[in-house]
Amino acid sequence: MNTRKTGARQEEVAADYLKKQGICILEKNFRNRYGEIDLVGRDQEYLIFFEVKYRKNLKTGTPAEAVTFYKQKKICQVADYYRLTHGIGEFCAVRYDVVSICGEDITWYRNAFSHIY
């Protein structure tokens with residue numbers, strides 16, 4: 001299976017997991033010229049931008065370690081654009097979470113990083 005198909009499959013696994021945890025998934029694979037956000041969801045008062053990372057095993061490190069500062073900055077840029085295009089004001093509570101999938105194990109890191117300008 002190629003990486004794009006694997007990524008799409010794991011994003012579905014993450015979305016199903018998050019739905020079971022009470023998250024309302026608003027959008028999948030939101031893209032603009034800056035990059036992509038895997039999942040956008042809502043949990044009570046929070047608008048959440050999710051990055052999903054998958055690794056078959058820990059040979060190359062944990063999936064969460066792949067969410068570098070550069071990747072975080074890109075996610076924030078895309079999130080800003082999402083909020084702008086969806087009329088979501090600056091007073092909406094926003095969170096950036098990471099869903100790490102290693103083999104069959106899923107770890108959800110809430111508030112994994114802060115907004116980066």
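Note that the numbering runs from 1 along the sequence shown for the chain. Only this structure's heavy atoms are used, side chains among them; waters, hydrogens and symmetry mates stay out.
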Side-chain heavy atoms of T85 within contact of F30, under 4.5 Å: yes

Cluster overlap I48 with I116, hydrophobic side-chain contacts below 4.5 Å: no

Separation between CD1 of I101 and OG1 of T62, rounded to the nearest 0.5 Å: 13.0 Å

Where N32 and Y34 come nearest, the two heavy atoms and their spacing: OD1-N, 2.8 Å

ILVMFWY cluster, V40 and Y109 together (side-chain gap under 4.5 Å): yes

Any donor-acceptor N/O pair, D97 side chain to N111 backbone, under 3.5 Å: yes

Distance in Å, E27 CD paired with D38 CG, rounded so as to fall on 0.5 Å steps: 12.0 Å

Point-to-point distance, once rounded to the nearest 0.5 Å, from CG of L39 to NZ of K19: 9.0 Å

Verdict with supporting geometry, L26 and Y82, side-chain contact (heavy atoms from CB on, under 4.5 Å): CA-CA 12 Å; L26 303 174; Y82 179 92; 4.2 Å; yes

Shortest non-hydrogen separation from E36 to V78 and the atoms involved: N-CG2, 3.9 Å

Over 12 foreign heavy atoms within 6.0 Å of NZ, K71: yes

V52 reachable from I25 in the ILVMFWY side-chain graph, under 4.5 Å edges: yes

Reported CD-to-CZ distance for the pair E90 and R83, which is rounded to 0.5 angstrom: 7.5 Å

Between NZ on residue K28 and CD on residue E12, distance to nearest 0.5 Å: 3.5 Å

Aromatic ring pairing Y96/F113, orientation class (parallel under 30°, perpendicular over 60°, tilted between): parallel

CA sep, side-chain torsions, deciding dist, call: R110, Y46, side-chain contact (heavy atoms from CB on, under 4.5 Å): CA-CA 11 Å; R110 292 168 181 83; Y46 284 98; over 6 Å; no

Note, N29 side chain near E11 side chain (heavy atom, < 4.5 Å): yes

Distance-minimising heavy-atom pair for C92 and L47: SG-CB, 3.9 Å

4.5 Å side-chain heavy-atom contact, W108 and F50: yes

Shortest non-hydrogen contact from V99 toward A14: CG1-CB, 3.8 Å

Of P63, C102, S100, the residue whose pairing with K53 passes side-chain contact (heavy atoms from CB on, under 4.5 Å): P63

Any side-chain heavy-atom pair of T6 and K56 under 4.5 Å: no

Spacing of Y81 atom OH and R33 atom CZ [to the nearest 0.5 Å]: 9.0 Å

